[in-house]
Asker: 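One structure, as structure tokens, below. Some questions next.
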Amino acid sequence: MTDDGRTVIPLHERVVSPAASGRDFAAELNPDQLAAATHGDGPLLIVAGAGSGKTRTLVYRVAHLVDRGVRPERILLLTFTRRAAHEMLSRAERLIGSASRNVHGGTFHATAHRLLRRFGPAAGLPRDFSIMDQGDSADLMQISRAALGFGAGAKRFPKKETLHHVYSRHVNTGIAMEDIVRDEYPRFIEYIPDFTRLYADYTLRKQERNLVDYDDLLLLWAMLLEASPELASDIAGLYDHILVDEYQDTNALQARILRGMARMHSNVTVVGDDAQSIYSFRGATIRNILDFPAQFPGTRVVTLDRNYRSTPQILGTSNTLIAHAGERFAKTLWTDRAAAERPLLVTARDEPQQTRYVVDRILELHEEGIALRSIAVLFRAGYMSADLEIELANRKIPFEKWGGIKFLEAAHVKDVLAFLRVLENPRDEVSWYRLLLLLPGIGEATARSAMEALAAAAWDSAAFGGFVPPPRARAAHASLVALLGTLRSAPEADDARVAREIGHVRTMYDAMVRDRYDRPEPRLADLDQLQTIAAGFPDRTTFLSALALEPPSATQDFAGASADSEDDALVLSTVHSAKGKEWDAVFVISAVDGLFPSTRALGSDEDTEEERRLMYVAMTRARDHLSVVHPLNSYGSQRGADYSLTQLSRFVDPEVRATMQHVALGSDDRAAEPVLVEQRGPVVDLRALLRGRFGAV
DNA sequence: TTTTGAAGTCTCTCC
DNA sequence: GACTTCAAAA
């Protein structure tokens, strides 16, 4: 290697010797896995079916590279979640020792963040930028919208979330903004010129406020790679090998980044399963994986189709389900695991019965010796577990919910963070705006004029103290100024600093919470939790960036730092959050047409196909037991009970059903099937009584 | 200009 | 059911 460590040793020229890790790869991997793990230089596409040992193969590949002399810090491992990166690196560590700790791993966004802090200044991006999450971005869109005076007309102007969605999609997919509006929001076509102006203002505003949104992280990374040859080789030159997990869920912009990073050596390994692509709403396209061989000439393709996870019966059902999908890398998973029970298709009368069935069955499995942690209940969207959560709480069964956690999006949490963010970046308009609106007596108009005053004073924080609010807001303004002053003069950094700052903020903010909400307690508890998390971070900058980039996927992740997962708890998860995981027993609930697939996805064939893949992901999470449950009557659990969904999910078609065992709960035709119901709860079911008022007697 | 109450909108998935 | 938007009152 040269002294700058950049020269790549042509691996294929080196003699294959017993691995330095002391491992006999051939004995521990199957032939396909071995071929992938020990592939030399050049592009490699691993098409890895569910449960085929994908992570294992990737870990061994890292070990192989290190064995053959690639320095760990020159390997970049891009994964989809922090959890995946962590798991892979710790498994690599077990395999090859502490050297693997130096492998760089993380999500695309987190890696972008790291590179931008380091190389951004060379391209005019300040080192101390703040990261906006999705909600912040939408808020800034709203500020732009107000500043430009859009939406005053009679016809409805797009909501800020819509504005952000179109923008984000454009950045991530490269599709022209006009086309996105035409396809997805035809009723807003007339506003296209306004969209354009608004996005220009938004972009300028971000720059002036030193703010960077999620999409910018990727976009700026790509631009750094394309801006100047010197910069590009500095950045791309950091790594000799790049490995990407879950490649089917990357988008066009991420593929562009990958090309830029690999341009000097084409040592790219991507792993993915086109049958599990479930993130198109975020711009992901299975074209990335289908077209990879064309993008990287000379690609070697290895297919892993032996499944080590599930019983043949579960695999049979899953294979049948996915067989109808359109374009894909054809592969049918197989296994030599012993035969077992067929997956269950359970028909419940309604949601309460579905809930009781699932809970009863979980308790049975638990009594048979399966840990709660090895059981999961999966659903299409976070709200679908509401009924189940109540029942679990009543029966004192511990559970942990993944996905759909809105902790960081909760207004009170964002409020507290806004204080810190203003200290961090005095130009953070989104956070200033948020703080100002908290003060009684200050509304949009006053907030805007305060912002203008601040902007005019070059965001000098002293200018905020000089701002004269309307009389009724004087007192609140004064105490905010005082609080910010206290926070600024806080003593030097120490470990408890961020938590202490939050404590200061709460001397003012807690009163507002009590004032504003009918039930302040849970919200205050959230703030306690936020404080606890903060204690784990050395400084404010790290804390704020980490929160934006690595939001915890379960509430327990917060407490988790020390307490960890000692206690045994059932997992409730959205299918999206369950990706890459596996359990002994899996329940897929609310498999009802209209819920899963969701009505929204039935508009286009592509969306429907993605829902099918989502169902496939759900089913293939199961090792030994799989139950698909559907209630015959799913009411719109809210007002306007005029719609009720009754049909089993279309994905469980006759062919799929033929591979399952059908269980009908308490149906009128008392089949030979076991009826597992009969609750121990109250004799009178109030909800059923209420429903009785509207339905048949 | 802010606040308040009523009507209206839309339900997801995540970095 | 939660949140936004709109119109009228303080």
Side-chain angles (χ1 to χ4, degrees), chain A residues 78-85 106-113 131-139 142 151-152 154 156-162 165 168 171-172 212-218 221 246 249-251 253-254 277-284 378-386 402-406 408-411 436-437 439-449 469-473 476 517-518 545-553 573-579 590 594-601 607 610-611 613-614 617-618 636-641 643:
Chain A
L78 293 167
T79 56
F80 204 71
T81 60
R82 175 176 99 270
R83 208 185 275 266
T107 62
F108 270 89
H109 289 84
T111 304
H113 173 242
I131 300 172
M132 292 192 289
D133 70 15
Q134 203 169 320
D136 298 329
S137 305
D139 287 346
Q142 186 75 323
R156 214 156 59 84
F157 198 78
K159 299 199 315 183
K160 59 184 181 190
E161 286 81 9
T162 308
H165 172 78
S168 178
V171 172
N172 281 286
V212 165
D213 64 29
Y214 282 151
D215 304 322
D216 288 336
L217 288 171
L218 299 183
W221 184 2
E246 308 282 11
D249 287 321
T250 56
N251 59 40
L253 181 54
Q254 287 164 320
S277 167
I278 54 175
Y279 277 93
S280 71
F281 69 89
R282 201 168 90 180
L378 306 182
F379 31 84
R380 175 68 182 85
Y383 69 88
M384 291 177 192
S385 65
W402 297 359
I405 296 287
K406 295 293 193 295
L408 293 174
E409 289 160 35
L436 285 163
L437 288 181
L439 305 180
I442 292 188
E444 259 186 73
T446 314
R448 212 172 313 143
S449 72
R472 36 195 314 219
Y517 301 104
D518 290 342
S545 301
L547 278 194
L549 292 172
E550 302 179 345
S553 51
S573 174
T574 61
V575 180
H576 282 89
S577 297
K579 191 165 69 128
S590 295
L595 297 179
F596 196 169
S598 86
T599 340
R600 291 193 72 226
D607 288 351
E610 177 146 321
E611 296 281 308
R613 293 192 294 267
L614 201 51
V617 169
S637 48
Q638 294 85 336
R639 69 181 172 96
Y643 81 95

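In what follows, chains are A, B, ... by sequence order, proteins preceding strands, each numbered from 1.
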Asker: What integer distance in Å separates A:F157:CZ from C:dT4:P?
Answerer: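 These atoms are roughly 18 Å apart.
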Asker: Report the distance from atom CZ of A:F596 to atom P of B:dT11, rounded to the nearest whole Å.
Answerer: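 Result: 18 Å.
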Asker: Could you check whether any side-chain N or O of A:N172 sits under 3.5 Å from a backbone N or O of A:A284, counting only pairs where one atom can act as donor and the other as acceptor?
Answerer: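 A pair under 3.5 Å: no.
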Asker: Begin from the C-alpha positions of A:D249 and A:K579 and carry the test side chain to side chain contact (heavy atoms under 4.5 Å, CB included) through to its verdict.
Answerer: CA-CA 11 Å; A:D249 287 321; A:K579 191 165 69 128; 2.4 Å; yes
Asker: For A:D249 and B:dT13, what is the distance between atoms CG and C1' respectively, to the nearest whole Å?
Answerer: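 Interatomic distance, CG of A:D249 to C1' of B:dT13: 11 Å.
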Asker: Under 3.5 Å, side chain of A:R380 to main-chain N/O of A:L595, donor-acceptor pair present?
Answerer: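 Looks like no, no N/O pair under 3.5 Å.
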Asker: Regarding A:T107, tell me which of base, sugar-phosphate or nothing describes its non-hydrogen contacts under 4.0 Å with the strands shown.
Answerer: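 Here A:T107 touches the backbone only, sparing every base.
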Asker: Pairs under 3.5 angstrom, nitrogen or oxygen only, protein versus nucleotides 3-7 of chain B, please.
Answerer:
residue, atom, partner, partner atom, Å
B:dT3, OP1, A:G441, N, 2.7

Asker: What is the distance, rounded to the nearest whole Å, between atom CD of A:E161 and atom C1' of C:dA2?
Answerer: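 My rounded result for the distance is 13 Å.
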Asker: Without decimals, in angstroms, what is the distance between A:L378 CG and B:dT13 C1'?
Answerer: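 Checked: the CG to C1' distance equals 13 Å.
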Asker: Give a yes/no on whether any side-chain N or O of A:T599 is located under 4.0 angstrom from OP1 or OP2 of B:dT11.
Answerer: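 No, outside the criterion.
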Asker: Name the nucleic acid region contacted by A:Y279, choosing base, sugar-phosphate or nothing; use a 4.0 angstrom heavy-atom cut-off, strictly under.
Answerer: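 Touches sugar-phosphate only.
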Asker: Apply side-chain hydrogen bond (donor to acceptor under 3.5 Å, both in side chains) to A:S598 and list each qualifying residue two or more places apart in sequence or on a separate chain.
Answerer: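 Residues passing side-chain hydrogen bond (donor to acceptor under 3.5 Å, both in side chains) with A:S598: none at all.
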Asker: Select from A:R282 and A:A447 the residue whose nearest nucleotide in DNA chain B is closer to the 5' end of that strand.
Answerer: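 The residue whose closest nucleotide sits nearer the 5' end is A:A447.
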Asker: Taking A:S168 for its side chain and A:H165 for its backbone only, find out whether a donor-acceptor pair lies under 3.5 Å.
Answerer: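 Not at all, since once roles are kept as given, no pair shorter than 3.5 Å links the two residues.
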Asker: Please give, in whole Å, the distance from B:dC14 C1' to A:D133 CG?
Answerer: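 Rounded to whole Å, this separation is 11 Å.
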Asker: Could you state the OH-C1' distance from A:Y383 to B:dT13, rounded to the nearest angstrom?
Answerer: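 Atom-to-atom, A:Y383 to B:dT13, this comes out as 12 Å.
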Asker: Please determine whether a side-chain nitrogen or oxygen atom of A:S577 lies at a distance below 4.0 Å from atom OP1 or OP2 of B:dC14.
Answerer: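 Checking B:dC14 against A:S577, a side-chain N or O does come within under 4.0 Å of OP1 or OP2.
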Asker: How close or far is atom C1' of C:dT4 from atom CD of A:Q142, stated in whole angstroms?
Answerer: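 Atom-to-atom, A:Q142 to C:dT4, this comes out as 10 Å.
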Asker: Where the side chain of A:S573 meets the backbone of A:L378, is there a donor-acceptor pair that is under 3.5 Å apart?
Answerer: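 Side chain of A:S573 to backbone of A:L378: no pair is present.
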Asker: Please name all residues satisfying ring pair (Phe, Tyr, Trp, His ring centres under 6.0 Å) with A:H576, sequence neighbours left out, ordered by chain then number.
Answerer: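 Residues passing ring pair (Phe, Tyr, Trp, His ring centres under 6.0 Å) with A:H576: A:Y279, A:F281.
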Asker: For A:A445 and for A:A548, find the nucleotide of DNA chain B with the closest heavy atom, then tell me which residue's nucleotide is more 5'.
Answerer: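 The answer here is A:A445.
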